[in-house]
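The chains referred to below are lettered A, B, ... by the order of the sequence lines, with proteins before strands, and numbering in each begins at 1. Values in this document were obtained by computation on a predicted structure and should not be read as measured data.
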Number of protein chains: 2
Amino acid sequence: MIPAMSRTPLHPAREQIELPMVLDCLSDPIRLAIVYQLARQEHVSSELCCGDFYALSGKSNLAYHFAKLRECGLMQTRVAGTNRFMRLRREDLEARFPGLLDAVINSAAKDADRLQLLSGCDAVDAD
Amino acid sequence: MIPAMSRTPLHPAREQIELPMVLDCLSDPIRLAIVYQLARQEHVSSELCCGDFYALSGKSNLAYHFAKLRECGLMQTRVAGTNRFMRLRREDLEARFPGLLDAVINSAAKDADRLQLLSGCDAVDAD
DNA sequence: CGCATTGTTCAATAGTTCTTGAACCAATTG
DNA sequence: CAATTGGTTCAAGAACTATTGAACAATGCG
């Protein structure tokens with residue numbers, strides 16, 4: 001039996017991803033910033049780990065938001081040793097809600113300053 | 001002096017419309033249904049009045065959700081006699097968040113049954 | 001005017017969400 | 001094994017949200 005904490009957490013199947021939950025998840029400034037940072041550096045690597053987001057909030061609060069992002073189907077978590085790597089579920093989201101994720105990310109990008117999306121962040125290249 | 005209740009309520013200017021507030025507003029099932037019904041019959045009339053949404057909830061609860069939709073910039077309310085006519089602020093939203101509203105509405109349309117978007121509604125043509 | 005219609009506002013309540021720190025778990029390193 | 005690293009889980013509190021019914025406001029109509 002694999003120990004509880006080293007198992008990959010549960011993720012909803014593609015068809016279980018619900019629009020209201022996704023929108024609610026993206027409406028929180030910290031979660032929007034997490035998604036934004038993931039999207040912003042997808043051309044470098046599709047994954048980031050928890051520690052890459054410490055500029056946004058404390059560890060336990062981040063774990064709370066990561067769980068929300070997983071449960072609504074926005075993110076996937078892969079366990080590797082003591083690290084958990086997160087990535088956006090782009091394909092699943094595009095299949096369920098075409099154009100939505102990009103519209104949100106592009107809209108967020110326009111307001112990046114106002115939304116403090118990159119405050120103290122060094123995991124993302126500035127353009 | 002115009003009596004308080006017959007004045008047009010305050011609406012945010014285009015540049016004051018904030019992404020997190022809009023997403024949060026759209027994440028509530030009742031508000032999503034309101035927006036969806038407004039969008040669905042725009043080809044008939046750009047406006048609906050409060051009573052057209054009684055299938056979704058009670059009067060006072062609807063007034064609460066209408067206020068939220070106004071305050072976040074999704075809807076505009078026009079006062080005409082004892083009626084208030086609502087319409088989507090399509091142009092402002094498109095200018096601030098290109099593609100977002102349509103992505104949400106199209107995604108909602110795909111899940112209309114699951115989301116109970118049209119339950120008991122006769123203000124909207126079925127396709 | 002008196003009354004119906006259309007909606008809003010208020011107060012109360014149940015439930016939810018975010019945040020924090022402390023405790024904990026698992027894997028790695030010395 | 002002990003200490004460190006990387007994250008999660010738990011408990012508690014403050015703040016916010018949705019919902020309800022009753023009271024109210026403004027208009028329209030007989």
- [ ] May I ask you to say what Gly81(B) touches in the nucleic acid, namely base, sugar-phosphate or nothing, with a heavy-atom cut-off under 4.0 Å?
- [x] sugar-phosphate
- [ ] May I have the distance from Met86(A) (atom CE) to dT8(D) (atom C1'), rounded to whole angstrom?
- [x] 11 Å
Open item on the list: Is His65(B) close enough to dT17(D) that one of its side-chain N or O atoms is under 4.0 Å from OP1 or OP2 there?
Closed with: no
- [ ] Mind calculating the distance between CE (Met21(A)) and P (dT16(C)) to the nearest angstrom?
- [x] 13 Å
Task: Glu71(B) CD - dA18(D) P separation (whole Å) - done: 11 Å
- [ ] Could you check Lys68(A) against Arg84(B) and say which one's nearest nucleotide on DNA chain C is further toward the 5' end?
- [x] Arg84(B)
TODO: State, with a plain yes or no, whether a side-chain heavy atom of Arg78(B) is found less than 4.5 Å away from one of Arg87(B).
DONE: no
- [ ] Apply side chain to side chain contact (heavy atoms under 4.5 Å, CB included) to Asp24(B) and Ser27(B), showing your working.
- [x] CA-CA 5 Å; Asp24(B) 185 52; Ser27(B) 75; 3.8 Å; yes
Open item on the list: Using a 4.0 Å heavy-atom cut-off, does Asn61(B) contact any base of the nucleic acid, only the sugar-phosphate backbone, or nothing at all?
Closed with: base
Task: Nearest-0.5 Å distance that lies between atom CG in Asp111(B) and atom CZ in Arg96(A) - done: 4.0 Å
TODO: Would you classify Gly58(B) as touching base, sugar-phosphate or nothing, given that sugar-phosphate means primed atoms plus P, OP1 and OP2, and contacts are heavy atoms under 4.0 Å?
DONE: nothing
Open item on the list: Can you tell me how far apart CZ (Phe66(B)) and CD1 (Ile34(B)) are? Round to the nearest 0.5 Å.
Closed with: 4.5 Å
Task: Value in whole Å for how far the P atom of dT5(D) lies from CZ of Phe85(A) - done: 17 Å
Task: Euclidean distance, Glu47(A) CD relative to Leu88(A) CG, rounded to 0.5 Å - done: 11.0 Å
Task: Nearest-Å distance for atom pair CG/P, residues Asn83(B) and dA26(D) - done: 16 Å
Task: Polar side-chain atom of Gln41(A) near backbone of Ser45(A) as donor-acceptor pair, under 3.5 Å - done: yes
Open item on the list: Measuring from the side chain of Thr82(A) (C-beta onward, heavy atoms only), which nucleotide among dT20(C), dG6(D), dC18(C) has the closest atom?
Closed with: dG6(D)
Task: Pairwise distance CG(Leu32(B)) to CG(Leu69(B)) - rounded to 0.5 angstrom - done: 10.0 Å
Task: Side-chain N or O of Tyr64(A) closer than 4.0 Å to phosphate OP1/OP2 of dT20(C) - done: no
Open item on the list: Expressed as a whole number of angstroms, how long is the span from Leu26(B):CG to dA18(D):P?
Closed with: 12 Å
TODO: Give Ile30(B) one of three labels, base, sugar-phosphate or nothing, depending on what nucleic acid heavy atoms sit under 4.0 Å from its own.
DONE: sugar-phosphate
Open item on the list: I need the CG-P distance between Leu56(A) and dT20(C), as an integer number of Å.
Closed with: 12 Å
Open item on the list: Need one value for Tyr54(A): base, sugar-phosphate or nothing, where a base atom within 4.0 Å counts as base even if backbone is also close, heavy atoms only.
Closed with: sugar-phosphate
Open item on the list: Could you tell me how far apart Phe53(B) (CZ) and dT8(C) (C1') are, to the nearest whole angstrom?
Closed with: 16 Å
Report, one pair per line, the protein and nucleotides 22-25 of chain D atoms (nitrogen or oxygen only) whose separation is under 3.5 Å.
none

